2 protein chains.
Amino acid sequence: MILEKKKAFNDFALSKGLRSTRQRDVILDVFLSTHQHISVEELYLKIKSSNTGIGHATVYRTLKLFAESGLAREILLHDGQTRYEHVIAGEHHDHLVCTKCNSIVEFEDETIEKLQKEIAARHGFLIKSHKMEIYGYCAVCKQL
Amino acid sequence: MILEKKKAFNDFALSKGLRSTRQRDVILDVFLSTHQHISVEELYLKIKSSNTGIGHATVYRTLKLFAESGLAREILLHDGQTRYEHVIAGEHHDHLVCTKCNSIVEFEDETIEKLQKEIAARHGFLIKSHKMEIYGYCAVCKQL
DNA sequence: CTGTAAACTGAAATTGAATATCAAGAGCAT
DNA sequence: ATGCTCTTGATATTCAATTTCAGTTTACAG
Ligand SMILES: [Mn+2]
Ligand SMILES: [Mn+2]
Ligand SMILES: [Zn+2]
Ligand SMILES: [Zn+2]
């Protein structure tokens, strides 16, 4: 799983004429070891704590590469922090976001996805991406 | 229509103990005269061009008030610029956004809205707001 | 092995939107 | 008019993100 992803990024790097560097290896390792929707800053701190200093700019740049390679997805929620999550081939989901405790619940809905495509088609629109987020209070927070 | 909206904001201001100022009147006039999804900067420039200098900060503050009063809706698209649009009572819509020409098409879909509520309910979530945007190329741009 | 071109890095500077500060000014009830 | 409180706006500040650019590293041809 992890090896396949490293391989996939390697192939992407090769096809783009990118070079193999210690920094990118480290950032990829740390990213693949995370499981949440992690912000760039969080990832940066995680890397900093366990490795020789890797710069802010490099983390930003590398995560953009991961997204470009199809390994990661950039998520912009309503708090001005860019986050990244793992992309699972053939899978897509959207998010329920609790604005009290910041927890995120993922959901899939085939019907909504289909309706989105119909709406786009009706307007002659070519879909490149979409975002759907539902903001509110999670089951725990709503009764506080 | 415009008079009703001014009245509505006046009532809101009154109930909040806000004062009536020249600046707020001007900003409201200019906002009500617009028809698109206008960014704060655009509105600021529009105001600047036709009126005595009103500060940046005041425009930001006042638009937040409009949103709070229910007159306007804040929209955050994928370009880091906050935009505002008019709220029409009892109406809700989402957006198709062309990432080439920046045009925006509005759409409503009752079925999607209903499905969103069902998803939230299934997860014990209390919805406060939601956003759905479809990004891509509009009918014109997709054939360039 | 070199040598070289091109890519990469990271500290520091910069950007850009948005907010905070705070002294001067204005609205409004009495 | 008086005084209290809200408002304004130039300026400073914040914060994420990007740019800059000199020094470093990689890849690869010879
Ligand atoms: Mn997710
Ligand atoms: Mn709209
Ligand atoms: Zn919560
Ligand atoms: Zn377009």
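Just so you know, these numbers use all the heavy atoms, side chains as well, and skip hydrogens, waters and symmetry mates. Since the model is a prediction, treat every value here as computed from it, not as a measurement. The chains referred to below are lettered A, B, ... by the order of the sequence lines, with proteins before strands, and numbering in each begins at 1.
- Within the helix from C:dC1-D:dG30 to C:dT30-D:dA1, the inter-axis angle between the opening and closing five-pair segments is 20°, rounded to 10°.
- Atom NZ in A:Lys16 sits roughly 18 Å away from atom P in C:dA6 (whole-Å rounding).
- Whole-Å rounding puts the A:Leu14 CG to C:dA7 P distance at 14 Å.
- With hydrogens and angles left out, the side-chain atoms of A:Thr52 and A:Arg22 include a donor and acceptor closer than 3.5 Å.
- Residue B:Lys5 comes nearest to B:Leu71 through the heavy atom pair O-CD1, 3.6 Å, listed as atom of the first residue, atom of the second, then distance.
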Return a single string for nucleotides 15-28 of chain D, one symbol per nucleotide in 5' to 3' order, where B is base contact, S is sugar-phosphate-only contact and - is none, cutoff 4.0 angstrom on heavy atoms.
-SSBBB-----BS-
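- The interatomic distance linking B:Tyr44 (OH) with C:dA18 (P) rounds to 14 Å, in whole Å.
- For A:Tyr44 and A:Glu42, the side-chain atoms include no donor-acceptor pair closer than 3.5 Å.
- Going from atom CZ of B:Arg24 over to atom P of C:dC28 covers 10 Å, rounded to whole Å.
- Applying the side chain to side chain contact (heavy atoms under 4.5 Å, CB included) rule to B:Asn10 yields no partners; only residues at least two apart in sequence or on another chain are considered.
- Listed by chain and residue number, B:Phe66, B:His86 satisfy the ring-ring contact (aromatic ring centres under 6.0 Å, His included) test with B:Phe31 (two or more places apart in sequence, or in another chain).
- In this view, A:His95 and A:His37, A:His93 satisfy the ring-ring contact (aromatic ring centres under 6.0 Å, His included) rule, not counting sequence neighbours.
- Minimum interatomic distance between A:Glu106 and B:His123 (heavy atoms only, all atoms of both residues): O-NE2, 4.4 Å.
- One interatomic measurement links the two molecules: CD of B:Glu42 to P of C:dA18, which rounds to 12 Å at whole-angstrom precision.
- Within the 4.0 Å cut-off from OP1 or OP2 of D:dG9, at least one side-chain nitrogen or oxygen of B:Gln23 is found.
- With sequence neighbours left out, A:Tyr137 forms a ring-ring contact (aromatic ring centres under 6.0 Å, His included) with no residue at all.
- Distance, B:Ile54 CD1 to D:dA10 C1': 15 Å, rounded to whole Å.
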